2 protein chains.
Amino acid sequence: MTDRLARSARQQRARLRDVAEAAGTSTKTASRVINGDDRVAAETRARVEQAVLDLGYRPDPLARSLRRGLDETIGVVVDEVGDPFFASVIGEIERMAIDRDVSVIIASTRRREERERIVLDGLYQRRVAGLIIASISDNHAYLRHSSCPLVFIDRAAEDLAADAVVVDDRGGARMAVEHLLRHGHRRIAYIGDRLSTATARHRLLGYRDALDGAGIAADDALVAEVEPADGDAGVAAEELLRLPAPPTAIFSANTRCSLGTLPTLHRLRRTDLGFVSFGDFAMADTLTPAITIVDHSPEAIGRLAAERLFSRLAGDEPPVETIFAPLRIVARGSGELAPDRPRP
Amino acid sequence: MTDRLARSARQQRARLRDVAEAAGTSTKTASRVINGDDRVAAETRARVEQAVLDLGYRPDPLARSLRRGLDETIGVVVDEVGDPFFASVIGEIERMAIDRDVSVIIASTRRREERERIVLDGLYQRRVAGLIIASISDNHAYLRHSSCPLVFIDRAAEDLAADAVVVDDRGGARMAVEHLLRHGHRRIAYIGDRLSTATARHRLLGYRDALDGAGIAADDALVAEVEPADGDAGVAAEELLRLPAPPTAIFSANTRCSLGTLPTLHRLRRTDLGFVSFGDFAMADTLTPAITIVDHSPEAIGRLAAERLFSRLAGDEPPVETIFAPLRIVARGSGELAPDRPRP
DNA sequence: GCAGACGAGGTAATCGATGTCACAGCGGTG
DNA sequence: CACCGCTGTGACATCGATTACCTCGTCTGC
């Protein structure tokens with residue numbers, strides 16, 4: 001009674017101690033019941049459970065994490081939360097986390113290595129149970145002794161044995177460019193992310209693979225490396241079209257580049273160009289012409305990564321693996337335009 | 001020395017105790033230095049600061065939160081992380097949080113009231129310092145005694161005196177519909193979110209205001225209330241067009257409805273319809289015709305909400321206020337089509 | 001009949017930091 | 001000279017839960 005008053009005076013939740021007192025046991029026994037330890041007499045267990053219900057007790061996650069050294073939280077580190085690709089990935093991860101009563105802390109690197117360190121450090125300090133990381137760094141030495149499972153997404157860590165969920169960047173890029181080649185294009189430009197990220201490098205290799213396969217000499221003037229966050233992709237497209245021997249088709253190596261390039265092409269009325277985008281985006285199938293894509297479903301990546309992480313958190317120890325998310329080409333129009341098509 | 005070995009054997013970070021020992025003081029004094037308490041002799045302070053640097057000490061956020069009853073974390077609750085509107089809002093909030101060394105926990109309600117309770121409860125248990133909420137519930141009684149500052153976004157809490165950053169839903173909708181009226185449309189359809197959310201109700205009111213102002217009788221057959229997460233918006237559009245007296249223009253009351261409706265209109269080759277979207281989206285200006293919008297910049301909302309929250313966290317106590325994010329119409333083509341335009 | 005296993009439960013230390021309170025020294029004051 | 005108040009400091013309790021270790025019966029096997 002007094003106790004209940006004390007609680008209400010404090011305006012606070014019930015603590016384990018309150019439960020124990022209400023059930024007439026020690027906190028240890030109450031803790032056993034709550035954590036499903038079976039060395040508790042059925043009758044005692046029942047009393048504790050009743051007290052939990054009566055008091056609406058729920059363990060304090062902070063105190064629990066402090067003691068256990070582990071939090072019921074996973075961290076997700078991406079380039080930028082607002083990026084549609086990552087927004088979808090995160091959405092899917094969160095969906096899976098919800099089912100497991102795990103919270104998700106999001107942090108973005110803004111594509112800067114030093115920030116990557118900082119945010120990871122912060123997440124470790126919070127004792128996250130696991131991490132899903134789209135790393136932009138090439139050096140993961142500082143993660144080697146990670147105290148929690150890691151799953152890399154979008155880009156595998158080449159210097160670290162850790163799970164990763166990626167797409168076959170090289171193969172996908174090759175697929176995209178071969179598609180354009182099949183439709184008769186011979187001068188195909190590449191617009192992609194800075195080559196400081198491994199993803200970009202692989203996609204550029206795939207682009208070259210395809211050209212090699214068709215016996216076409218690579219022309220560096222057709223390769224544009226841009227910062228996709230800015231409006232650079234559109235500018236790059238404009239420059240490509242001003243070349244003495246301009247391309248008849250463009251392969252855009254990621255979604256943000258596509259979002260940057262297409263408004264420019266439309267403004268210049270150059271929708272006669274062949275175009276394939278690595279990565280889908282809203283309205284891609286509603287533009288005129290609709291945009292042919294190589295699709296690496298962000299939801300699938302999020303799901304696979306989360307599944308892997310939760311499986312490790314549950315104690316499974318499958319061998320470290322790089323999982324390739326399925327990849328396919330979706331022909332919608334822009335990739336099937338012949339090179340000699342008249343300009344609109 | 002022994003201590004340093006012990007630390008490295010533990011493979012762990014330095015604790016306050018390690019700092020205190022290294023500086024030859026008590027933990028309390030070390031704590032004083034770290035928290036900027038000025039009742040410490042300059043020389044002692046210097047020793048502690050040196051120890052902090054030597055050991056690379058950083059306080060454990062968990063332990064600190066437990067003791068202080070307050071975490072350096074803010075919670076953000078939205079419908080759905082993957083929603084482009086909220087993704088941008090979150091991106092902006094996070095950007096501001098970074099500057100203040102505050103972490104952000106994201107939770108989504110999936111538009112279900114019971115989940116809203118659950119996630120908020122979870123965030124409170126984590127002792128978040130503040131909350132930014134896009135609430136879907138109409139009943140906020142359980143938030144009345146919130147232990148931390150709240151800022152509502154997108155939808156104000158009508159039953160609670162709390163800060164909110166919203167757009168003038170009614171005025172914006174009216175603006176959009178008046179735009180279509182000015183271009184000669186008389187039968188204008190409304191496609192919007194379920195009326196269970198206040199936002200949707202206000203936008204529908206604005207739509208009616210505009211029609212009233214033009215002396216046009218409202219026709220309920222032209223009003224479609226859909227679940228924007230599904231493909232319902234497209235279906236609704238199709239049904240509207242099959243009416244005996246179909247609309248010549250559509251006002252889409254939110255981004256997701258636009259993303260659902262437009263592919264359908266394009267598929268049906270009904271791009272002759274007038275169209276205004278409440279909310280911008282990628283490629284809106286690249287479609288043919290480009291989409292006229294009423295823009296409620298998600299970044300602005302995120303920034304204003306975060307500014308407000310951080311100002312309260314810093315101890316400011318401005319009067320509770322509902323802030324209206326700026327709203328403007330961006331004419332791009334689809335809203336300026338005359339009703340008698342031939343179909344493509 | 002007794003050693004040891006086992007079941008049920010409790011006590012106290014611990015996680016890492018901070019709040020409370022007491023205390024030693026010192027200069028000033030009546 | 002005794003007392004006051006201030007400064008700088010530390011011992012110890014505390015936040016809420018978990019873990020290491022111990023106790024006390026009772027049951028089993030020899």
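It should be emphasised that the depicted structure is a prediction, and the values quoted were computed from it without experimental measurement. A note on names: the letters A, B, ... follow the listed sequences, proteins ahead of strands, and every chain is numbered from 1.
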Trainee: Round to the nearest Å and state the distance from A:R17 atom CZ to C:dA12 atom P.
Mentor: 14 Å
Trainee: Write out a two-atom table: protein N or O, nucleotide N or O from nucleotides 5-7 of chain D, distance below 3.5 Å.
Mentor:
none

Trainee: If you look at every strand shown and take non-hydrogen atoms under 4.0 Å, does B:T25 touch a base, only sugar-phosphate, or nothing?
Mentor: sugar-phosphate
Trainee: Can you tell me the distance, in whole Å, between the CG atom of A:L16 and the P atom of D:dT19?
Mentor: 12 Å
Trainee: Taking 4.0 angstrom as the limit, do B:E80 and B:R110 come out as a salt bridge?
Mentor: yes
Trainee: Between B:S26 and D:dA11, is there a contact of a side-chain N or O with OP1 or OP2 at under 4.0 Å?
Mentor: no
Trainee: Rounding to an integer number of Å, can you tell me how far A:L62 CG sits from C:dA17 P?
Mentor: 14 Å
Trainee: Quick one: pull up CG in B:D71 and CG in A:L62 and give me the separation to the nearest 0.5 Å.
Mentor: 6.0 Å
Trainee: Counting side-chain heavy atoms from C-beta on, which of C:dA17, C:dG9, D:dT19 comes nearest to A:A41?
Mentor: C:dG9
Trainee: Any side-chain N or O of A:T44 below 4.0 angstrom from OP1/OP2 of C:dA8?
Mentor: no
Trainee: Tell me whether the side-chain N/O atoms of B:S31 come closer than 4.0 Å to OP1 or OP2 in C:dA17.
Mentor: no
Trainee: At what distance, to the nearest 0.5 angstrom, does CE of B:M96 lie from CD of B:E307?
Mentor: 4.5 Å
Trainee: Could you tell me whether the side chains of B:R126 and A:S103 share a donor-acceptor contact shorter than 3.5 Å?
Mentor: yes
Trainee: If we count only N and O atoms by modelled type, under 3.5 Å, do the side chains of A:R155 and A:T197 hold a donor and an acceptor together?
Mentor: no
Trainee: Out of D:dT9, C:dG16, D:dT18, which has the shortest distance to the side chain of A:R67?
Mentor: D:dT18
Trainee: Given atom CZ of A:R15 and atom P of D:dT14, what is their separation to the nearest angstrom?
Mentor: 11 Å
Trainee: For residues A:E116 and A:T109, is any side-chain donor paired with an opposing acceptor at under 3.5 Å?
Mentor: no
Trainee: As an exercise, state the distance from CD1 of B:I93 to CD1 of B:I153, rounded to the nearest 0.5 Å.
Mentor: 5.0 Å
Trainee: Identify all pairs in which a protein N or O lies below 3.5 Å from an N or O of nucleotides 21-24 of chain C, and state each distance.
Mentor:
none

Trainee: To the nearest 10°, let me know how far the axis at one end of the helix from C:dG1-D:dC30 to C:dG30-D:dC1 is tilted from the axis at the other, five pairs an end.
Mentor: 60°
Trainee: Decide yes or no for B:D154 and B:D79: does some side-chain heavy atom of the first lie under 4.5 Å from some side-chain heavy atom of the second?
Mentor: no
Trainee: Taking OP1 and OP2 of C:dT18, is either one under 4.0 Å from a side-chain nitrogen or oxygen of B:R64?
Mentor: yes
Trainee: Could you state the atom-to-atom distance from CZ of A:R127 to C1' of D:dA17 in whole Å?
Mentor: 13 Å
Trainee: Is a salt bridge present between B:E321 and B:R308, judged by a nitrogen-to-oxygen distance below 4.0 Å?
Mentor: yes
Trainee: Take atom CG of A:D18 and atom C1' of D:dG16, then tell me their distance rounded to the nearest Å.
Mentor: 10 Å
Trainee: Take the protein atom CZ of B:R68 and the nucleotide atom P of D:dG16, then report the distance between them rounded to whole Å.
Mentor: 16 Å
Trainee: Between B:D38 and B:L66, which residue's closest nucleotide on DNA chain D lies nearer the 5′ terminus?
Mentor: B:D38
Trainee: Taking atom CD1 of B:I132 and atom CG of B:L309, what is their separation to the nearest 0.5 Å?
Mentor: 5.0 Å
Trainee: When rounded to the nearest 0.5 angstrom, what distance separates CD1 in B:I301 from CZ in B:F85?
Mentor: 4.0 Å
Trainee: Just how far, in rounded Å, is P of D:dA20 from CG of A:N35?
Mentor: 13 Å
Trainee: Considering heavy-atom distances to DNA chain D, does B:T27 or A:A63 have its closest nucleotide positioned more toward the 5' end?
Mentor: B:T27
Trainee: If you round to the nearest 0.5 Å, how far is CD of B:E158 from CG of B:L160?
Mentor: 11.0 Å
